[in-house]
Amino acid sequence: MVSTPYQILKGTRDFLPSQYIIRKKVVASIQQTFEEFGFEPMDTPALEYAETLEEKYGEEGARLIYKFTDRGGRDVALRYDLTVPLARAMAMYQVEKPFRRYQISPVWRADKPQKGRFREFWQCDADIVGSAETWADAEVIGLTHSALRKLGFKDFSIRVNNRKLLNGIALYGGIEKEQMASFFRSVDKSEKIGWEGVKSELFSKHFQTSAVEKTISMITEKGPGDDILEKLRQTLASIPIAVEAIAELEEIRRCLGSMGIEQNIHFDVSLARGLDYYTGPIFETVIEKPRIGSISGGGRFDDLIGTFSGDNIPATGTSLGLERIITIMEELDMLPANAAVSEVLVAVFDRSLVDLSFRVVSELRSAGIRSEIYLKEDRLKKQLNYANNKRIPLVVILGPDECQKGEAVLKDMRSGTQMSVSREELIRKVTQMLGEMVAPD
RNA sequence: GUGGGUGUAGCUCAGCUGGUUAGAGCACUGGGUUGUGGCCCCAGAGGCCGAGGGUUCAAGUCCCUUCACUCACCCCA
């Protein structure tokens, strides 16, 4: 036999049932929260015209777009995120606004994989289209908060800032428009490399010493118990866009206060976010303990839809990174225990009694009980071992004795106890026992 | 795109300065149990030591090349 080489592309993964069952539970939890907030499901194609995606993410992002030519000579690209395709769709169709939708789908980036980073990964997006109010931003932040809480996260921090505030600060420091993105990208690293590190990076990028000192000292200046926003409002009083930004942030804070979720929210002037299309409030979630970048990121993108239709429609949204969430949950031992899909295994005593087993497994299935019949002629020992390894909680054994008496042996794999039940009673008994085994998760 | 680490049994790994038949734990198979799993005991199977080339009397071990994986940077979910 000739073996052919087989492997999967770097940064992609196969999901075997043991992982995928858990993964689906995490997705189901997030989806449930999204729907609890009234967001409705939507999907778009994985493949778009390259033109649709290009020049939406900035220089860095553009390099990472998977792009190729199809058989018809068209330039196509795999979606890089779920936000730009949403914007394209919103430009194409009329929907009732304010519109809230969610989408849980894979996206592709030609990145170099590392911990919590893949080339094919899933994003869980929730967006609101058609509301320019900060309420919408607050709603999305609140949603992020709820989704994480439902998954069991407690120690997380949702950092919130406003692009307009950053613009105001840059204006105040006399930084050129073209250099702003680069400037704030450095500022964004303060938590990682410290403010001195940021400064030296900015100097090496040839920013004016005066501009750097002026802006950084303002951002970092905090007295004990001071309110950052209040302080900035005074300093930046002469910059209208900054004043506006601060008012927005305070409104968001009020809304979040009404939702009673202020404890995990932190206003952070150093937060910048890399994507080009953000125009207003921006936010991301970081977890301190196992540190692997952000697990959610989002913000307002009021001009993005307009790049397609010419008609700007305000929009805001967030994206939860499924694999990062799962990676952290794994490290923190927060994942639900893996359980079998089958609730009952119907053993096959031997070849001559397979018909009986098929009859019983059919009855169980008709009663809505997830059941499988063992599909080889193996010794009972082997079949029970199979149930044990797969964590199937109940086994039904139908041997010659049971066949004769019209009974079945019902075995509880957790306790090891078993009993004989008449065939008529079997379904009722199985249902009852499954009901008693309330899954801990 | 830049830099570091690692490739030995299905999985996790050991293998000292190159030296004869390459090891462990878990998993697997058979037996101890005649219709019964988990624990225990006994036995067994399973490796071109990632691939290619080189140095040497001798290479899992040293050198070169290549592929793969992984971590960090950039950027990001």
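Protein chains get the first letters and strands the later ones, always in sequence-line order, with residue 1 at the start of each. This structure is a prediction, so every number in the text was calculated from the model and none was measured.
Nearest to the side chain of Q114(A), among G37(B), C71(B), G35(B), sits C71(B). Listed candidates were C28(B), G35(B), A77(B). Nearest to the side chain of D401(A) is G35(B). The side chain of R185(A) approaches C75(B) more closely than any other nucleotide in the set C75(B), A77(B), U36(B). Side chain of S294(A), nearest nucleotide from G37(B), A77(B), C69(B): A77(B). In the set G35(B), C76(B), G3(B), the nucleotide with an atom closest to the side chain of R117(A) is C76(B). Comparing U36(B), U2(B), C76(B) by their closest approach to the side chain of K112(A) singles out U2(B). Closest to the side chain of D111(A), out of G37(B), C75(B), C76(B), is C75(B). Side chain of N388(A), nearest nucleotide from G37(B), A72(B), U36(B): G37(B).
Nucleic acid contact class of Q418(A) (heavy atoms, under 4.0 Å, all strands): base. Residue contacts for K411(A): at a heavy-atom cut-off of 4.0 Å it reaches a base atom on one of the strands shown. Using a 4.0 Å heavy-atom distance criterion, G416(A) is classed as a base contact. Residue contacts for L380(A): at a heavy-atom cut-off of 4.0 Å it reaches a base atom on one of the strands shown. Within 4.0 Å of N389(A), counting heavy atoms only, lie sugar-phosphate atoms of the nucleic acid but no base atom. Y386(A) comes within 4.0 angstrom of no nucleic acid atom, judged by non-hydrogen atoms across all strands. Counting non-hydrogen atoms under 4.0 angstrom, R379(A) reaches the backbone sugars and phosphates but no base.
For F203(A), the CZ atom is densely surrounded, since the number of other residues' heavy atoms within 6.0 Å is greater than 12. Annotation for E40(A): atom CD does not count as buried by contact number, only 12 or fewer foreign heavy atoms lying within 6.0 Å. Other residues, nucleotides and ligands contribute more than 12 heavy atoms inside 6.0 Å of the CD atom of E35(A).
Between the side chain of E402(A) and the base of G35(B), at least one donor-acceptor pair of N or O atoms lies under 3.5 Å. For Q383(A) against U36(B), no side-chain N or O and base N or O form a donor-acceptor pair under 3.5 Å. Between the side chain of K381(A) and the base of U36(B), no donor-acceptor pair under 3.5 Å is found.
No cation-pi contact links K189(A) to F184(A), judged by a cut-off of 6.0 Å to the six-membered ring centre and 45° from its axis. F121(A) does not carry R109(A) over the face of its six-membered ring by the limits of under 6.0 Å from the centre and within 45° of the normal. By the 6.0 Å and 45° rule, R300(A) does not stack over the aromatic ring of Y278(A).
In this structure, CD of E201(A) is placed 10 Å from C1' of C74(B), rounded to the nearest angstrom. Taking atom CD of E323(A) as the reference point, atom C1' of U70(B) lies 17 Å away to the nearest angstrom. In this structure, Y277(A) places its OH atom 10 Å from P of C76(B), rounding to the nearest Å. For I397(A) and U36(B), the CD1 to C1' distance is 6 Å, given to the nearest whole Å. Distance D81(A) CG to A77(B) P: 8 Å, rounded to the nearest Å. Residue N385(A) contributes atom CG, which lies 10 Å from atom P of A27(B) at whole-angstrom precision. What separates CG of L16(A) from C1' of C11(B) is a distance of 13 Å, to the nearest Å. Atom pair F349(A):CZ and U36(B):P shows a separation of 8 Å (rounding to whole Å applied).
Under the Watson-Crick or G-U wobble criterion, with both distances below 3.5 Å, C62(B) is paired with G54(B). The base-pairing partner of G23(B), taking Watson-Crick or G-U wobble contacts with both distances under 3.5 Å, is C13(B). Across all strands shown, C73(B) is found opposite G1(B) as a Watson-Crick or G-U wobble partner, with both distances under 3.5 Å. Pairing of A68(B), defined by two Watson-Crick or G-U wobble distances under 3.5 Å, is identified with U6(B).
A distance-only check finds no donor-acceptor pair linking the side chain of S29(A) to the backbone of K25(A) [under 3.5 Å]. Looking only at distances, a side-chain donor or acceptor of D268(A) sits under 3.5 Å from a matching main-chain atom of S270(A). Counting only distance, with no hydrogens or angles, the side chain of R163(A) and the backbone of P281(A) share no donor-acceptor pair below 3.5 Å.
One P atom belongs to C28(B), the other to A68(B), and the distance between them is 33 Å to the nearest Å. When the P atom is used for both G30(B) and G52(B), the distance is 35 Å, rounded to whole Å. Distance noted for atom C1' between G15(B) and A22(B): 8 Å (whole Å). Separating the P atom of U70(B) from that of C11(B) is a span of 14 Å, rounded to the nearest Å. The same atom, P, is picked in G37(B) and in A27(B); the two are 16 Å apart, to the nearest Å. Distance check on atom C1': U56(B) versus C64(B) gives 16 Å, rounded to whole Å. Remark: the separation of the P atoms in A58(B) and A14(B) is 29 Å, to the nearest Å. Remark: the separation of the C1' atoms in G35(B) and G23(B) is 40 Å, to the nearest Å.
Ring-to-base geometry places F121(A) in a stacked arrangement with A77(B) (centre distance under 5.5 Å, plane angle under 30°).
Applying the 4.0 Å criterion to OP1 and OP2 of C74(B), one finds that K189(A) has a side-chain N or O inside that range. For A72(B), the OP1/OP2 oxygens have no side-chain nitrogen or oxygen of K115(A) closer than 4.0 Å. Close to U29(B), at under 4.0 Å from its OP1 or OP2, lies a side-chain N or O of K382(A). Applying the 4.0 Å criterion to OP1 and OP2 of G38(B), one finds that R391(A) has every side-chain N and O outside that range.
When each of L9(A) and R119(A) is assigned the nucleotide of RNA chain B bearing its nearest heavy atom, the one mapping closer to the 5' terminus is L9(A). When the nearest nucleotides of RNA chain B are assigned to G116(A) and S415(A) by heavy-atom distance, the more 5′-ward of the two goes with S415(A).
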